Structure formats: C-alpha cells, structure tokens
Amino acid sequence: MLLFTPGPTPVPQNVRNAMSDETMHHRTPEFEAIFEKTRTHLFKLFKTDEVVMLSSSGTGAMEAAVINLCHNTLLSINSGKFGERFGKIALAHGLKNVEIKNEWDTPASVEDVVAALQANADIDAIAIQISESAGGLRHSVEEIAAAAKEINPKIMIIADGITAVGVEPIDVTNIDALLAGSQKALMLPPGLSLLGLSNAAIEKIGAGKGYYLNLASEVKKQRQNTTAYTAATTLTIGLLEVLETIEAEGGIDALYERTAIRAEGVKAALEALGLHVYPTHPAKSMTTIDDENASEIRKLLKEEYGVNVAGGQDHLKGKIFRINQMGLIHNYEMAWVVNAVELALDKLGRRTYDGTANKIFNEISFKIGK
Ligand SMILES: *Cc1c(COP(=O)(O)O)cnc(C)c1O
C-alpha cells in the first residue's frame with residue numbers, strides 16, 4: 001500500500017533501519033553526540049536563533065508555544081481544524097482568544113489581521129498555520145507577520161510549520177516560534193515535535209510557563225545537548241538519519257525545488273482530469289480536491305490501486321480528498337497516484353481513461369525536474 005496521506009508520511013527504509021538498534025540511554029556521551037549533530041542540522045533547516053525538540057506529537061509544540069509566548073490574548077487564525085486548535089489551547093490555559101475565522105479554502109488576509117490588532121491592544125501573540133492541513137491551504141504568514149510587527153514590534157508570531165518545515169523555504173525574519181512535527185514532512189513516526197525560536201521569543205519566555213512544556217527548561221538543557229526529561233532517543237536517531245539523507249540527496253534547497261515541481265505536477269495533472277483544487281491558495285505540502293465522489297474515489301484508490309490518501313474532517317468529511325506531496329517521494333510513485341485517480345474516474349463513469357494525468361505529471365516533473 002502506498003501511503004499518500006499528508007501525515008503520517010512513509011518512513012524511508014534507511015531511517016527505519018537506523019531506528020532498529022537497541023535502545024540507548026539518554027544521559028550518555030554517545031547520545032549527546034547524536035543530539036548535538038541533530039541540532040546542528042536543525043539550525044540549518046529552521047534558520048532560527050534556537051531550536052528545541054520535545055517528546056510529543058505536533059500539538060505539544062503548539063501548546064508549548066502558546067503558553068510560553070502568549071501572556072494575555074492570543075489572536076488565532078482559524079481556516080481549519082489546526083487553526084481552531086490554537087484558540088482551544090489558549091482558552092484551556094485561561095488566556096483570552098480573538099479568532100479570525102474563514103472557510104477552510106480561504107486564507108486569512110493581512111487586512112483582517114491588522115484590523116484585529118488595531119481593535120484589541122491586549123493581543124500579545126498571533127498563532128497561524130503556514131500550511132493549514134485541514135483543507136491544504138497556504139496562509140501568507142510572512143506578510144502577516146511583517147504587518148503585525150509593524151503595528152507592535154513586541155508581538156510574538158507563532159507559525160505552525162508542521163506541514164511546511166521541510167516542504168518549502170520559510171522566511172523566518174518576523175517569526176518567533178516555528179513549529180514542526182516528526183510524522184509529516186520529516187518522514188518519521190509520530191512522537192517528536194520541534195520548535196525554532198527567535199531571540200525575542202527566548203527573552204519573552206523568561207523563566208518559562210508550564211512544567212513539562214516549559215520552554216525555558218528545555219532551551220537551557222538542549223544548549224548542553226541534553227533534554228530536561230527523557231529524550232525520544234529512537235526518534236532523535238531517526239531524525240538525524242532523515243536530515244543526513246536530505247543532505248546526501250542534494251540538500252534541503254534541492255528538496256524544496258523537487259517538492260515544488262511535484263506539487264505543480266500533481267495539481268496540473270488532476271486539473272487536466274477536470275478535478276477542482278479546493279483551496280484558493282494551495283500549500284505545497286498536499287493537493288486537496290473537492291469532489292462529490294470524494295469518498296468513492298478514495299475507496300477505489302485504496303482497494304483497486306493500493307493508494308491511501310486522506311479524506312476530510314468535520315463539515316468536509318466525504319467532500320474532499322488530500323494527497324501528500326511532502327518528503328522524499330519518488331516521481332514514479334507520484335505518477336502512479338495521479339494515474340490511479342484517473343483510473344478511478346474511469347471506473348466511476350466520469351471520464352474515459354486516456355493516460356492524461358500520468359502524461360502531464362511526467363512532462364512537468366521530468367522536463368523541469370531532476
Ligand atoms: C498534523 C498537524 C498538527 C499536529 O497534530 P498532531 O496530531 O498533534 O501531531 C498541527 N498542525 C498541522 C498543520 C498539522 O498538519
């Protein structure tokens with residue numbers, strides 16, 4: 001079965017092998033050496049002043065960022081389930097929350113954010129997804145962050161890059177916390193989350209908030225190549241292997257370029273079949289199609305062609321399907337996926353199969369790809 005959901009993503013064989021060794025003790029020079037190497041790679045990936053790893057799924061990094069960086073009112077951007085989660089986290093911790101809510105195909109506008117900040121001087125942090133995985137859209141985080149800092153230079157920008165870090169270059173000039181998670185673009189099993197932090201963020205964190213998710217304790221320990229609590233040793237070993245593999249395959253910029261071409265190829269191939277891309281501003285992490293036969297297409301993909309793609313949640317259940325584009329994906333697998341979608345449409349009597357999707361994907365990925 002080809003796993004083509006936008007998280008979890010498949011774990012490459014060499015990474016699985018690297019994680020199959022005996023469990024290491026975390027308070028040893030051997031593990032600290034691995035931790036240090038991993039950190040060095042992470043600084044290159046995040047391009048932020050500091051980086052910390054947490055043993056938690058991605059939501060742990062979201063909660064850590066909110067409680068440590070928001071001390072009064074959080075402005076959260078809800079264009080989907082993950083954006084909605086930021087608001088729920090704030091309320092769960094007794095913080096105030098202002099939300100900008102849009103349909104799941106619509107990114108937040110700079111104007112709406114500026115208006116919210118002007119209307120509420122208590123807002124001291126903004127939380128936003130770079131790629132909102134619920135509908136597969138890309139928010140203009142960099143522009144929003146720049147506009148927000150112009151109004152209030154002290155405001156903290158929390159950018160959830162769980163389906164963006166490792167997918168496309170991110171300008172972190174105005175970002176204070178950049179979040180990532182192991183099971184999406186980083187091609188690992190779930191259980192590790194990561195935060196890139198700005199110096200301004202570290203200053204605001206001060207002595208930190210919370211206990212397990214106290215970022216001050218983690219920053220202090222991780223600068224010494226250890227962790228405040230037991231490290232996710234096996235996942236850290238896997239992460240180092242992933243980051244070394246990306247390096248060996250031409251480096252992160254080459255991966256960004258290949259991902260962008262893959263995204264363009266999938267979108268063009270599916271649109272040529274008459275399918276409709278759901279978000280008005282699609283992220284490069286995935287292609288989301290809204291379609292009245294979304295459930296039937298997913299079922300055929302899985303049962304007839306061995307391809308597992310994701311559906312929708314909440315009000316989009318049965319209305320969309322989402323195809324992953326993150327990670328070290330072989331073009332021949334991606335070509336198989338778009339071809340399988342075309343075969344499914346033929347089976348549904350929607351369109352006679354003629355190989356269009358495969359042709360278009362290959363033209364784009366091999367003409368301008370590597
Ligand atoms: C997957 C994901 C998360 C975190 O989810 P977990 O299940 O806690 O790992 C957060 N934000 C986005 C955009 C995601 O795609």
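Counting convention: from 1, in listed order, for ligands and their atoms alike. If you read the sequence from its start, that first residue is 1, and numbering goes on from there. Nothing here was measured: the structure is a model prediction, and the numbers come from that model.
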Judged by heavy atoms only, the candidate from Thr59, Ile162, Ile130, Leu192 nearest atom 8 (O) of ligand 1 is Thr59
Nearest protein heavy-atom contact for atom 13 (C) of ligand 1: which residue, which atom, what distance?
Ser133 OG, 3.2 Å
Is Ser131 close enough to touch ligand 1? Criterion: a residue heavy atom under 4.0 Å from a ligand atom.
yes
The closest protein heavy-atom partner of atom 6 (P) of ligand 1 is Ser57 OG, 3.4 Å
Please determine whether a side-chain nitrogen of the Lys or Arg among Glu342 and Arg350 lies less than 4.0 Å from a carboxylate oxygen of the Asp or Glu.
no
Out of all atoms in ligand 1, which are within 4.0 Å of some heavy atom of Thr163? Include the element for each.
15 (O)
Short side-chain to backbone donor-acceptor contact, Ser182 and Leu188, under 3.5 Å
no
Would you say Asp160 has any N or O atom under 3.5 Å from an N or O of ligand 1, going by distance alone?
yes
Let me check something: do Tyr212 and Ile205 share a hydrophobic cluster, defined by ILVMFWY side-chain heavy atoms less than 4.5 Å apart, either directly or through other members?
yes
Before accepting this row, confirm whether a basic side-chain N of the pair Glu296/Lys347 lies closer than 4.0 Å to the acidic partner's carboxylate O.
no
Return the residue, atom name and 0.1 Å-rounded distance of the protein heavy atom closest to atom 14 (C) of ligand 1.
Lys184 NZ, 3.0 Å
Quick one: does any side-chain atom of Arg298 pair with a main-chain N or O of Phe321 as donor and acceptor, under 3.5 Å?
no
Should the proximity of Glu132 to ligand 1, defined as any heavy atom under 4.0 Å, be assigned to the side chain, the backbone, both, or neither?
neither
